[in-house]
Amino acid sequence: GLDVWMYDLSGQGGSSRIVNSERQDQETFQHMQHIDTLDHYVDDLNAFVEDIVIPNAPSKLILGGYSTGGHVALRYLQIKSATHPFQIGFMISPLLALEAPLPSALPYLLWSASWFSDLESYVPGKGHTDPILTMPFEGNPYSTDEAGFSELKQLCILNRHLMMGGVSYGWVKAAAD
């Protein structure tokens, strides 16, 4: 058999958000992707592995991650290179560098702006809602399967509390550091 162990990154999915407690009840901030340091994610993964996975998992362990989760998995494997319990690791589209559709310097300009901005503010052009809620199928970046896209959109509509909005200046700063 195969056991699968998964968790939400802090501040995403079903986990509580990492924003100032005064802002957590404001809808604008309930979907913000914010983190002070990506080391927080690595610490969470380490605690999850040590406290939950190792005591309960079979002997052969495989670590996987997607996007930011792939970045976290790679950092974890690097930091714990001599002691991690995984035999195999795979990452799908891991976050390796910040990219933007504008000039390549944009992420670093945003990072620079983060030193003078409220770290819990959305970066320009981002907000508290995911565009999939109002996006038509034609030209969407998520799927070429219309039925699958409709199903994804319906899941998002029914589970808005799990959806993520844009990233904060703090997230950009943490990712660029």
* Go through the steps for Y7 and L45 under the test side chain to side chain contact (heavy atoms under 4.5 Å, CB included), then give the verdict. => CA-CA 9 Å; Y7 74 104; L45 176 57; 3.2 Å; yes
* Verdict with supporting geometry, I62 and Q87, side chain to side chain contact (heavy atoms under 4.5 Å, CB included) -> CA-CA 6 Å; I62 300 169; Q87 285 75 39; 5.9 Å; no
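With a 6.0 Å radius and a threshold of 12 heavy atoms from other residues, nucleotides or ligands, E151 has its CD atom at or below the threshold. Q78 CD: 12 or fewer foreign heavy atoms inside a 6.0 Å radius.
Distance NZ/K80 to CD/E50: 5.0 Å, rounded to 0.5 Å. Between L38 atom CG and D43 atom CG the span is 11.0 Å, to the nearest 0.5 Å. Taking CG of L61 as the start and CD1 of I54 as the end, the distance is 7.0 Å to the nearest 0.5 Å. The OH atom of Y41 sits 10.0 Å away from the NE2 atom of H71 when rounded to the nearest 0.5 Å. Distance check: M6 CE to F48 CZ gives 9.0 Å after rounding to the nearest 0.5 Å.
Taking the side chain as every heavy atom from C-beta outward, L77 and M91 approach each other to under 4.5 Å. At least one side-chain heavy atom of H84 sits less than 4.5 Å from a side-chain heavy atom of Y76. Taking 4.5 Å as the limit, every side-chain heavy atom of D3 sits out of range of all side-chain heavy atoms of V53. Contact check for P85 versus V49: side-chain heavy atoms found under the 4.5 Å cut-off. A heavy-atom distance below 4.5 Å is found between the side chains of L9 and V72. The shortest side-chain heavy-atom distance between I88 and L63 does not fall under the 4.5 Å cut-off.
Using modelled atom types, no side-chain atom of S67 and backbone atom of G69 make a donor-acceptor pair closer than 3.5 Å. Put simply, the side chain of N56 gets close to the backbone of I52: a donor and an acceptor are under 3.5 Å apart. Under a 3.5 Å cut-off, the side chain of S150 and the backbone N or O of E146 do form a donor-acceptor pair. Between the side chain of N140 and the backbone N or O of F137, at least one donor-acceptor pair lies under 3.5 Å.
The cluster map of Ile, Leu, Val, Met, Phe, Trp and Tyr, joined by side-chain heavy atoms under 4.5 Å apart, puts Y66 and L152 in different clusters. By the rule that hydrophobic residues join a cluster once side-chain heavy atoms approach within less than 4.5 Å of another member, L158 and M135 end up as members of separate clusters.
The two residues K153 and P136 come nearest to each other via the heavy atoms NZ-N, 4.5 Å.
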